[in-house]
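Here's the structure, in structure tokens; my notes come after.
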Amino acid sequence: MDGEVLRLLANILRQGVVFDIDESAGEWSVRVQSGTLETGWMRWNTSRAGAFKIWIPPAIGEEVWIGCIGGNPETAFVLGSVYSNDNPAPGSTLKEMVITAPDGAKFRYDADASALEATGMKTAVIQASVSVTLDTPVTECTNHLKARTFELTEGGTMKGEITHSGGSLSSNGVVVHTHVHGGVEKGGSSTGGPQ
């Protein structure tokens, strides 16, 4: 087998590090340093790009595998990424899924504990045109809970200081702030407390 064929075979699959990214909309390409070879611009891979699409862009310093059709680096494209000392795996067991982001956000599902975590983000939005259902024995909000409207269908309790303003508060058909007591004469005295 001659040297040119061996060179082409050796180039079919190469490992390298991303050193440049083109962020132009529609281009989305990278250049990779593989040994002494610096590739031209090539597109990175994604797991889905049809009716369902997934967008997780690469980063400078990310270690990747590149494939070269026919062993020609001019036809190279990114096949996928591998963990490295600079970018180690964010998980440590075979029973978890973990996604981390550069700002510290982290999404983790631990199948051993059946536990889902989403941490490190500043805001989160879930928008649905019909409804969102939380089907669990307990839903806990550790700080301020704000709702435009609410409805309790099976009772509950409230504790602590409660302030109401800007409308009517009705209890069993009695509007609290317009409620009057019958059977008393007007004067300077006050009636007893509510009964």
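None of the values given here were measured: they were computed from a predicted structure. What you see below is based on every heavy atom in this structure, not just the backbone, and it leaves out hydrogens, waters and symmetry mates.
Counting heavy atoms from C-beta outward, Glu23 and Trp28 have side chains that approach closer than 4.5 Å. Looking at Arg14 and Leu37, their side chains come closer than 4.5 Å, going by heavy atoms from C-beta outward. Within the 4.5 Å cutoff, no side-chain heavy atoms of Met42 are placed close to those of Ser29. Between Trp44 and Pro57, the closest side-chain pair of non-hydrogen atoms falls below 4.5 Å. Side-chain contact check for Pro90 versus Thr100: some heavy-atom pair is nearer than 4.5 Å. Using a 4.5 Å heavy-atom threshold, the side chains of Gln15 and Glu63 count as touching. Looking only at side-chain heavy atoms (C-beta outward), Thr142 and Glu140 come within less than 4.5 Å of each other. Val18 places none of its side-chain heavy atoms less than 4.5 Å from the side chain of Asp20.
In this structure, the separation between CD1 on Ile99 and CD1 on Ile56 is 5.0 Å, given to the nearest 0.5 Å. Residue Phe52 holds its CZ atom at 13.5 Å from OG1 of Thr46, rounded to the nearest 0.5 Å. Separation of atoms CZ (Arg31) and CG (Asp22) is listed at 11.0 Å; rounding is to 0.5 Å. Taking OG of Ser24 as the reference point, atom CH2 of Trp41 lies at 8.5 Å (rounded to 0.5 Å). We find the OG1-CD distance between Thr149 and Glu151 to be 8.5 Å, quoted to the nearest 0.5 Å. The CD1 atom of Ile54 sits 7.0 Å away from atom CZ of Arg48, with the distance rounded to the nearest 0.5 Å.
Between Thr139 and Thr136, the shortest heavy-atom distance links the atoms OG1-CG2, 3.2 Å. Between Val78 and Asn45, the closest heavy-atom pair is O-CB, 3.2 Å. Here the shortest heavy-atom pairing between Ile66 and Val32 reads CG2-CG2, 4.2 Å. When all heavy atoms are compared, the tightest approach of Val64 to Ser81 is CG1-OG, 3.7 Å. Taking all atoms of both residues into account, the shortest heavy-atom contact from Ala105 to Asp103 is N-OD1, 3.0 Å. Considering all non-hydrogen atoms of both residues, Phe107 and Ala118 come closest at CD2-CB, 4.0 Å.
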### Query
Between Ile12 and Cys68, is a side chain to side chain contact (heavy atoms under 4.5 Å, CB included) present by the stated rule, with each step listed?
CA-CA 5 Å; Ile12 288 175; Cys68 305; 5.7 Å; no
### Message
Before you tell me yes or no, could you show the steps for Phe77 and Ile69 under side chain to side chain contact (heavy atoms under 4.5 Å, CB included), namely the whole-Å CA-CA distance, both residues' side-chain angles and the distance that decides it to 0.1 Å?
### Response
CA-CA 9 Å; Phe77 57 95; Ile69 299 171; 3.9 Å; yes
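Judged by distance alone, with hydrogens and angles left aside, the side-chain atoms of Gln127 form no donor-acceptor pair with the main-chain N or O of Ser129 at under 3.5 Å. Checked by atom type and distance alone, the side chain of Thr133 never pairs as donor or acceptor with a backbone atom of Asp135 at under 3.5 Å.
Using a 4.0 Å cut-off between charged nitrogen and carboxylate oxygen, Glu96 and Arg108 count as a salt-bridge pair.
The hydrophobic clustering, which links ILVMFWY residues whose side-chain heavy atoms are closer than 4.5 Å, places Trp55 and Ile21 together.
Within a 6.0 Å radius of CZ in Phe19, other residues, nucleotides and ligands contribute more than 12 heavy atoms. Shown here is Leu94, whose CG atom has no more than 12 heavy atoms of other residues, nucleotides or ligands within 6.0 Å.
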